[in-house]
Amino acid sequence: MPSLVRLPRCAFFLALASLLGCGSESAPADPCLTPGATETVRCGACGTLERFCAADGQWVPGACIEPTDACEPGAIEEVACGACGVQSARCTESCEWEATGACSDEGVCMPGSRARDRGSCGAGQVQDVVCNDRCNFEPDGACESNECNSPGMIETVACGSCGTTDRFCSAPGVWEFGECSEPAGACVPGTEVTESCGMCGTRTQRCNTECTLEEAVCEDEGVCEPGSLLTTGEGCGAGQTRVLQCTDGCEYDELEGCTDDVVACEPSCAAGERCRADGVCRCGTGPACGSGEQCIGGRCEDDEPVLTDCSVVPDRGCPSGQTCLAGGPGATLCRDVGSTREGEACEANLDCRAGLVCVGTASPICRRYCDTSDDCTTGSFCELSIFIDEQPVAGVCTIRCNPLNNGGCSAGLACRPAAGSIDNYVDCREGQGDPGLPVCVTSDMCPATQGCTSETGGGGAFPTCGSYCRVGEDECATGPCTGFVTVDAVEYGLCASDFPFPF
């Protein structure tokens, strides 16, 4: 029923005068006596709203909140009942359905329930059956013999997903089965469940023989939590920063362009940490380390980390879920396994998968540990070295890529061919210069797909950036392709620059 509103005496006479055609003022539509007061009243289909007494003496209503399953009083419909059945019902004054007829057209079971039944089996056989969403049993196991030799015998047997049921040997010598009782949350062995996790990632869990889901690593995550902000100097000129905001897809998008706002870290960051452009020290993807900790491999560890006698190549000697990390000259330690693949961008060692390490300064990526090129994937070579305290502690594999179109390299890196001490190789390297730069000294001063003509031994006093090319192919717009290194039987070179001289 609608709520009654008691009018103050003056409002009553104003309303009466209005009805009689007297007076010059109209009565308020919904008056109240105490400005600032709030109260909860009924509305809609058994809903409630909160209203506020405004300064002008009138109630201001809020939104009506109705029960999600409320019906309109007096309505008559057919509603679901029992095992997928239907029945006539009327909506009561309390906005709830009240049955007015019998439940009809029901199935034979409740969805999800299990039993053993002859089903589609031959004489003297039964099989596991499960109730589907149409309330009918369907086969869920192989047919097997249903004969028994001891009428009156009762025993408990396995059924369903690690469940049990009682069966009774009847007088005709066949087993009669009760309902299958399965553990709460049991899964079907051999199946997989994929769910969302972490920062827009996914995790696929497999159901084992014990009908439980095995732990799994969250994969293909983004780089940030939706809505979070990051101030960074990446993509800006020297001495500038910009503000990025994390999207619903867990990727950063620019919120504010580059400005001259750069904040120094005070106090300065500890060893192993890095100073963000917003003046925050961080160890890997987390915050700065606290008292009694130090940043090792992108993770805050005790000042005296527990070193383990594990092996980097091959990766072994660590507990399940961890991988071996080179912690310094002759020192190793175990760390948690991340989800970032080889060649993908990372911020700390903890981001990378087993056997990989986060290497780089401006645009770090996960690289594979190696002792020789045999430890690397086909076409990659064990060339680079990791130095800690100016001492080499491990080698890492190059990343196979295409210098002609920069294919295979993550953002911020350029695919460059080079001559190594053991093998010639192509690799994703840091350093992408200004395409308008008139001269260069090394190739990392050139943009991606270009190298410095100093690589070819030419260029005279003014080497410039030219496009990468393959000797013998018609790939240069200006001049010939001058080769300087052969990788996997392909001789790479540089096209002559078309930059005008003199400057």
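In this chain, numbering begins with 1 at the start of the sequence shown.
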(message) Can you confirm whether Gln205 sits close enough to Glu214 that some side-chain heavy atom of one is under 4.5 Å from a side-chain heavy atom of the other?
(response) no
(request) Please check if the side chain of Asp133 supplies one atom and the backbone of Cys84 the other of a donor-acceptor pair under 3.5 Å. (result) no
(request) For the pair Arg353 (side chain) and Ser339 (backbone), establish whether a donor and an acceptor sit closer than 3.5 Å, ignoring hydrogens and angles. (result) yes
(message) Using only atom types and a distance under 3.5 Å, with no angle test, would you say the side chain of Glu66 pairs donor to acceptor with the backbone of Ala45?
(response) yes
(message) Counting C-beta onward and ignoring hydrogens, is there a side-chain heavy-atom pair between Glu475 and Tyr468 closer than 4.5 Å?
(response) no
(message) I'd like to know if Cys476 pairs up with Cys495 as a disulfide, counting it only when the SG to SG distance is below 2.5 Å.
(response) yes
(request) Flag the pair Arg367 / Asp427 as yes when at least one side-chain heavy-atom distance between them is below 4.5 Å, and no otherwise. (result) yes
(request) Let me see the working for Arg470 and Leu404 under side-chain contact (heavy atoms from CB on, under 4.5 Å), right down to the final yes or no. (result) CA-CA 9 Å; Arg470 292 170 294 181; Leu404 304 181; 3.4 Å; yes
(request) Before giving the answer on side-chain hydrogen bond (donor to acceptor under 3.5 Å, both in side chains), spell out for Thr164 and Ser181 the whole-Å C-alpha distance, their side-chain angles and the decisive distance to 0.1 Å. (result) CA-CA 5 Å; Thr164 58; Ser181 176; 5.3 Å; no
(request) Using modelled atom types only, decide if a donor and an acceptor are shared between the side chain of Asn424 and the backbone of Thr486 within a distance under 3.5 Å. (result) yes
(message) For a 4.5 angstrom cut-off between non-hydrogen side-chain atoms, does Ser410 reach Glu344?
(response) no
(request) Check whether any side-chain N or O of Glu430 sits under 3.5 Å from a backbone N or O of Ser363 as a donor-acceptor pair, and report yes or no. (result) yes
(request) Evaluate whether the separation between SG of Cys187 and SG of Cys207 stays below 2.5 angstrom. (result) yes
(request) Using a 4.5 Å cut-off on heavy atoms from C-beta on, say whether the side chain of Cys53 contacts that of Trp59. (result) yes
(message) Test your reading of the model: is there a side-chain donor-acceptor pair from Gln450 to the backbone of Pro447, 3.5 Å cut-off?
(response) no
(request) Decide yes or no for Tyr369 and Leu356: does some side-chain heavy atom of the first lie under 4.5 Å from some side-chain heavy atom of the second? (result) no
(request) Looking only at non-hydrogen atoms, find the nearest pair between Ala345 and Thr340 and report the distance. (result) O-CG2, 3.4 Å
(request) Return yes when the gap between the SG atoms of Cys397 and Cys370 is under 2.5 Å; return no otherwise. (result) no
(request) List the atom of Leu49, the atom of Cys64, and the distance in Å for their closest heavy-atom pair. (result) CB-CA, 4.0 Å
(request) Find the distance between CG (Asp336) and OG1 (Thr323) and round it off to the nearest 0.5 Å. (result) 10.5 Å
(message) Please check this pair: side chain of Glu221 against backbone of Met199, looking for a donor-acceptor N/O pair closer than 3.5 Å.
(response) yes
(request) Mind listing the closest non-hydrogen atom pair of Val471 and Cys481 along with its distance? (result) N-SG, 3.7 Å
(request) Locate the shortest heavy-atom distance separating Pro139 from Val129; write the atom from each residue and the value. (result) CA-CG1, 4.2 Å
(message) Check this for me: Arg341, atom CZ, are more than 12 non-hydrogen atoms of other residues, nucleotides or ligands nearer than 6.0 Å?
(response) yes
(request) Mark yes or no for whether Thr332, through its side chain, and Ala326, through its backbone, hold a donor-acceptor pair below 3.5 Å. (result) no
(message) Can you confirm whether the thiol sulfurs of Cys415 and Cys409 sit closer than 2.5 Å?
(response) no
(request) Classify the side-chain pair Asp253/Thr247 by whether it contains a donor and acceptor separated by less than 3.5 Å. (result) no
(message) Give me the atom names and distance for the closest heavy-atom approach of Asp315 to Gly355.
(response) OD2-N, 3.7 Å
(message) Check the SG atoms of Cys310 against those of Cys324: under 2.5 Å or not?
(response) yes
(request) State whether the SG distance for the cysteine pair Cys440/Cys446 is less than 2.5 Å. (result) no
(message) Please tell me whether Cys250 and Cys224 are bridged, where bridged means their SG atoms are separated by under 2.5 Å.
(response) no
(request) Take Leu213 and Glu195 through the test side-chain contact (heavy atoms from CB on, under 4.5 Å) and record every step on the way to the result. (result) CA-CA 12 Å; Leu213 294 173; Glu195 62 182 4; over 6 Å; no
(message) Strictly distance-based, threshold 3.5 Å: is any side-chain N or O of Ser380 a donor or acceptor partner for the main-chain N or O of Thr398?
(response) yes
(message) When you compare the side chain of Arg51 with that of Val41, does any pair of heavy atoms fall below 4.5 Å?
(response) yes
(request) Using modelled atom types only, decide if a donor and an acceptor are shared between the side chain of Ser443 and the backbone of Cys452 within a distance under 3.5 Å. (result) yes
(message) Give me the atom names and distance for the closest heavy-atom approach of Arg203 to Ala216.
(response) CD-O, 2.9 Å
(message) So for atom CD, which belongs to Glu210, do other residues, nucleotides or ligands contribute more than 12 heavy atoms lying within a distance under 6.0 Å?
(response) no
(request) Check whether any side-chain heavy atom of Glu138 lies under 4.5 Å from a side-chain heavy atom of Val130, and answer yes or no. (result) yes
(message) Between Cys366 and Cys358, does the disulfide bond (SG atoms under 2.5 Å apart) criterion hold? Intermediate values first, please.
(response) CA-CA 4 Å; Cys366 292; Cys358 189; 5.5 Å; no
